[in-house]
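Quick caveat, the model's predicted, so the values are computed rather than measured. Residue numbers begin at 1 in each chain, while the letters A, B, ... track the order of the sequences.
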2 protein chains.
Amino acid sequence: MAPERHQAVAAGPAATRRRADARRSIAAILDAALASLSTSPEVNVAEIARAAGVGRVTLYGHFPTREALVDATVAHAIAHTSRALDAVDLESGPAPQALARLATSSWQILNQHRQLMAAGMRHLGTERMRAHHDQALDRVRALLARGRADGDIRTDLPADWLITTYYALLHAAAEEVNAGRLDPREAGHTVAATVTAALRPPP
Amino acid sequence: MAPERHQAVAAGPAATRRRADARRSIAAILDAALASLSTSPEVNVAEIARAAGVGRVTLYGHFPTREALVDATVAHAIAHTSRALDAVDLESGPAPQALARLATSSWQILNQHRQLMAAGMRHLGTERMRAHHDQALDRVRALLARGRADGDIRTDLPADWLITTYYALLHAAAEEVNAGRLDPREAGHTVAATVTAALRPPP
DNA sequence: CTTAACTCGAACAGAGATGTTCGAATTAGG
DNA sequence: CCTAATTCGAACATCTCTGTTCGAGTTAAG
């Protein structure tokens, strides 16, 4: 009778244990929202529900508002990305090489989430986005710190700017590949060469 | 009686000579649209009209649809930018220095139009945007070609990618300043140093 | 098997945005 | 001064999106 309780999906540890089909629906919705929002940040909720193979009412049953859905989707994407990047070895070898490895491993996935992040910015505000993003940035931050200590990374510019440079170049490469202006097979090497040059200590 | 004829503003050379107050209205609308769309690409037409100090009906009199308005605003912004960048000396001295001059002169203005470009992308499609943008890119393209001929700019990566790198770093700097994470007074020097390093021939 | 949880389509209410129409009041231009 | 161009507010029709409600059917779980 009262099937939808608007129990926030991202609820705390006291969250009610959901039934198997409910969990299946939620997973399908998050996947569909991730895919849909990543290609077009303005899709409406009905479209996302359709893509998830789920009724619109069901979606609203799990995510009370569009904002809640976007928020949960962003969290989902962050977790997804973080898991994928955990596989990259950042410890061994000089920092620039490790950075190149990280770059070649992550430019595609970062691009996939680019539009989603735009949607998040618009609907959730900068603050909430920044908190999520920082988690991913820490990975690079630590690596750059090691490189600076070893003298392999330039120290004449702010550390935050170097991180920004890294991400900006990754995003740019992904965009260029997307637009067909850069060969996907060359992209990894190209972005690595550019990042390395940009972050190398000046002569 | 029939005051609004929906004569396209961007009409060809045979465009009807408009009265002075009409031209004033159009200018006010374009300025307001530029400002409004630049800060928030989703503003509605009513808001733009209000910002222009003009009735909504008047706006629709000159721009038959929202799309036509966005299109005209983009053209307006491109012209504005191009005029501002014409003042930069790109001929004298080594290409990297000229590039640094161009960078420090243009990162602010590029950022101001960033959101507008996003709106254009969404409402006009990639094609129409790309055509406009290419005009501005040519300026950099020529400069990089000169630098490559002189041996001041790297030739181991595609020329188009170097252009992309340049713009990506400019946009990133503008974003960082916007977010308060980069000192505006440092931004010019910072972005110039980074661009120079990224485009320098590798050792 | 029994019950509570879940799903679903259809339909509704409300908000907001886009364009249009009308009629009256200004205003530029010759 | 005369006329046609222009502006304006108010009101209307239409569309799309969000979020809700209802009632009936389906499914997991014990």
Side-chain angles (χ1 to χ4, degrees), chain A residues 1-9 11 14-33 36-37 40-73 119 122-124, chain B residues 1-9 11 14-33 36-37 40-73 119 122-124:
Chain A
M1 287 299 171
E4 328 298 356
R5 288 161 309 148
H6 280 181
Q7 194 85 18
V9 165
T16 310
R17 174 73 174 171
R18 270 171 290 265
R19 241 174 55 179
D21 50 355
R23 269 174 289 149
R24 231 180 304 138
S25 288
I26 291 172
I29 290 169
L30 285 178
D31 285 346
S36 300
L37 290 172
S40 150
E42 300 297 327
V43 282
N44 53 27
V45 177
E47 176 65 22
I48 294 175
R50 211 179 53 76
V54 128
R56 204 164 61 93
V57 181
T58 300
L59 191 156
Y60 275 109
H62 295 297
F63 304 93
T65 69
R66 168 185 240 276
E67 182 176 329
L69 174 60
V70 173
D71 190 76
T73 305
R122 179 144 51 256
H123 291 289
L124 305 179
Chain B
M1 285 300 176
E4 327 297 355
R5 287 161 310 148
H6 281 184
Q7 194 86 20
V9 164
T16 310
R17 174 71 173 173
R18 270 172 290 266
R19 240 174 54 176
D21 50 355
R23 270 174 289 148
R24 230 179 305 138
S25 289
I26 291 173
I29 290 170
L30 285 179
D31 285 346
S36 299
L37 291 173
S40 151
E42 301 297 328
V43 282
N44 54 26
V45 177
E47 177 66 23
I48 294 175
R50 211 180 52 77
V54 129
R56 204 166 61 93
V57 181
T58 300
L59 191 156
Y60 274 109
H62 294 297
F63 305 93
T65 69
R66 166 184 242 276
E67 182 177 328
L69 174 60
V70 173
D71 190 78
T73 305
R122 177 143 54 257
H123 292 288
L124 305 178

Tell me: [atom1] of [X] to [atom2] of [N], nearest whole Å?
{"X": "B/Asp21", "N": "D/dT3", "atom1": "CG", "atom2": "P", "answer": "19 Å"}
{"X": "B/Tyr60", "N": "C/dT20", "atom1": "OH", "atom2": "C1'", "answer": "10 Å"}
{"X": "A/Leu59", "N": "C/dC6", "atom1": "CG", "atom2": "C1'", "answer": "14 Å"}
{"X": "B/Asn44", "N": "C/dG19", "atom1": "CG", "atom2": "P", "answer": "12 Å"}
{"X": "A/Phe63", "N": "C/dC6", "atom1": "CZ", "atom2": "P", "answer": "13 Å"}
{"X": "A/Arg17", "N": "D/dA28", "atom1": "CZ", "atom2": "C1'", "answer": "12 Å"}
{"X": "A/Arg23", "N": "C/dA5", "atom1": "CZ", "atom2": "P", "answer": "15 Å"}
{"X": "A/Ile26", "N": "C/dA5", "atom1": "CD1", "atom2": "C1'", "answer": "12 Å"}

If the condition is side chain to side chain contact (heavy atoms under 4.5 Å, CB included), which residues does A/Asp21 pass it with, not counting sequence neighbours?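 Scan of A/Asp21 (side chain to side chain contact (heavy atoms under 4.5 Å, CB included), adjacent residues dropped) gives A/Arg19, A/Arg24.
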Would you indicate which nucleotide in C/dT18, C/dT21, D/dC22 comes nearest to any side-chain atom of B/Val57?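 Selected nucleotide: C/dT21.
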What's the closest nucleotide to the A/Ala22 side chain, out of C/dA28, C/dC6, C/dG19?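 Between C/dA28, C/dC6, C/dG19, the one nearest the side chain of A/Ala22 would be C/dC6.
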Using the closest heavy atom to pick a nucleotide of DNA chain C for each, name whichever of B/Thr65 or B/Arg24 lands nearer the 5' end. B/Thr65
Specify the residue among B/Arg19 and B/Glu67 whose closest nucleotide of DNA chain C lies further upstream toward the 5′ end.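 It is B/Glu67, whose closest nucleotide lies nearer the 5' terminus.
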How would you label the contact of B/Arg66 with the nucleic acid (heavy atoms, under 4.0 Å): base, sugar-phosphate, or nothing? sugar-phosphate
Counting N and O atoms only, with roles assigned by atom type, does the side chain of B/Arg23 sit under 3.5 Å from a partner on the main chain of B/Arg18, one being a donor and the other an acceptor?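 Yes.
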Should [X] be listed as having a side-chain N or O under 4.0 Å from OP1 or OP2 of [N]?
{"X": "A/Arg56", "N": "C/dT7", "answer": "no"}
{"X": "B/Ser25", "N": "D/dT7", "answer": "yes"}
{"X": "A/His62", "N": "C/dC6", "answer": "no"}

Using side-chain heavy atoms (C-beta onward) and a distance below 4.5 Å, is A/Ile26 in contact with A/Phe63? yes
OG on B/Ser25 to NE2 on B/His62, rounded to 0.5 Å: 5.0 Å
Considering all heavy atoms, the nearest [X]-[Y] contact:
{"X": "A/Arg66", "Y": "A/Val45", "result": "CB-CG2, 4.1 Å"}
{"X": "A/Ala32", "Y": "A/Ala51", "result": "CB-C, 3.8 Å"}
{"X": "A/Leu59", "Y": "A/Ile29", "result": "CA-CD1, 3.8 Å"}

What residues 47-55 of chain B contributes to the DNA chain D interface at heavy-atom separation below 4.0 Å is B/Gly53, B/Val54, B/Gly55
Give a yes or no on whether a donor-acceptor pair under 3.5 Å exists between the nucleobase atoms of D/dT6, that is its base, and the side chain of B/Arg18. no
